[in-house]
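We number each residue from 1, following the sequence as shown.
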Amino acid sequence: MEPPDNDEPLVRFERATLPGIVRRVRRVADLSQRELAARIGVSHSTISRLETGRLVPSVATLLRILGVAELMLVVTDADGHVIEPMRMWDEVRDGGDKTFPAHLDLILDPAAGDWWASRYGLARPPETYHRSRTWRDAKRRRSQWEVRVKQFKNDPPPRIV
């Protein structure tokens with residue numbers, strides 16, 4: 001999903017943006033403050049405080065407000081590209097039923113040397129990750145170089161340290 005191509009700048013989401021978003025939802029849905037409050041299950045005064053900036057809604061409340069006008073909350077990077085949420089798989093939980101850290105690239109079915117605890121002689125798990133930030137960053141740079149061959153065609157391949 002990409003934002004529409006137009007000349008209007010993307011709105012930076014700040015606290016001061018929220019009152020205008022609530023008012024916009026009411027305009028799109030053609031609802032009074034009381035009608036919007038009834039639809040999402042809050043008091044009329046809550047909508048009033050949201051629109052004056054005296055109250056910041058929780059994410060759950062904001063999503064309910066947006067849903068009334070069939071709008072959705074979208075996260076973009078600085079260039080306006082939509083950032084998709086990471087998917088969660090039950091298969092990638094550790095022995096304590098915790099998920100692996102989201103900031104780490106998961107290695108499924110690791111080869112010898114892929115697991116950070118291989119040097120301790122421990123058996124390799126079915127999935128793991130690299131703990132060394134330097135190693136991870138080097139692997140990511142190499143992966144980007146390999147995938148974007150046209151973009152980096154004149155650059156030598158990055159070294160993995």
When rounded to the nearest 0.5 angstrom, what is the spacing between [atom1] in [X] and [atom2] in [Y]?
X: M72; Y: L63; atom1: CE; atom2: CG; value: 11.5 Å
X: R39; Y: I65; atom1: CZ; atom2: CD1; value: 13.0 Å
X: R23; Y: Q33; atom1: CZ; atom2: CD; value: 10.0 Å
X: D30; Y: L36; atom1: CG; atom2: CG; value: 12.0 Å

| said: If we ignore hydrogens and angles and just use 3.5 Å, is the side chain of D79 paired with the main-chain N or O of H81 as donor and acceptor? | reply: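 A pair under 3.5 Å: no.
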| said: Assess the residue pair L71 and I21 against the criterion (side chain to side chain contact (heavy atoms under 4.5 Å, CB included)); give the C-alpha distance rounded to whole Å, side-chain angles, the decisive distance to 0.1 Å, and a yes or no. | reply: CA-CA 10 Å; L71 300 174; I21 288 174; over 6 Å; no
| message | Tell me the closest heavy-atom pair linking S48 and R54, and the distance in Å. | response | OG-NH2, 4.3 Å
| said: Please give me the minimum heavy-atom distance between A37 and I47, naming the atom from each residue. | reply: CB-CG1, 3.7 Å
| Are V28 and L66 connected in a single hydrophobic cluster, I mean Ile/Leu/Val/Met/Phe/Trp/Tyr linked by side-chain heavy atoms less than 4.5 Å apart? |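 No, it is not one cluster - the side chains of L66 and V28 are not joined through contacts under 4.5 Å.
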| In one Ile/Leu/Val/Met/Phe/Trp/Tyr side-chain cluster, 4.5 Å: V59, V68 | yes
| Set of salt bridge (Lys or Arg N to Asp or Glu O under 4.0 Å) partners for R49, sequence neighbours left out | none
| said: In the structure I gave you, are the side-chain heavy atoms of L18 and L50 within less than 4.5 Å of one another anywhere? | reply: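 No - every pair of side-chain heavy atoms lies 4.5 Å or more apart.
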| Non-hydrogen side-chain atoms of I40 and T46 separated by less than 4.5 Å |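 Answer no - side chains too far apart.
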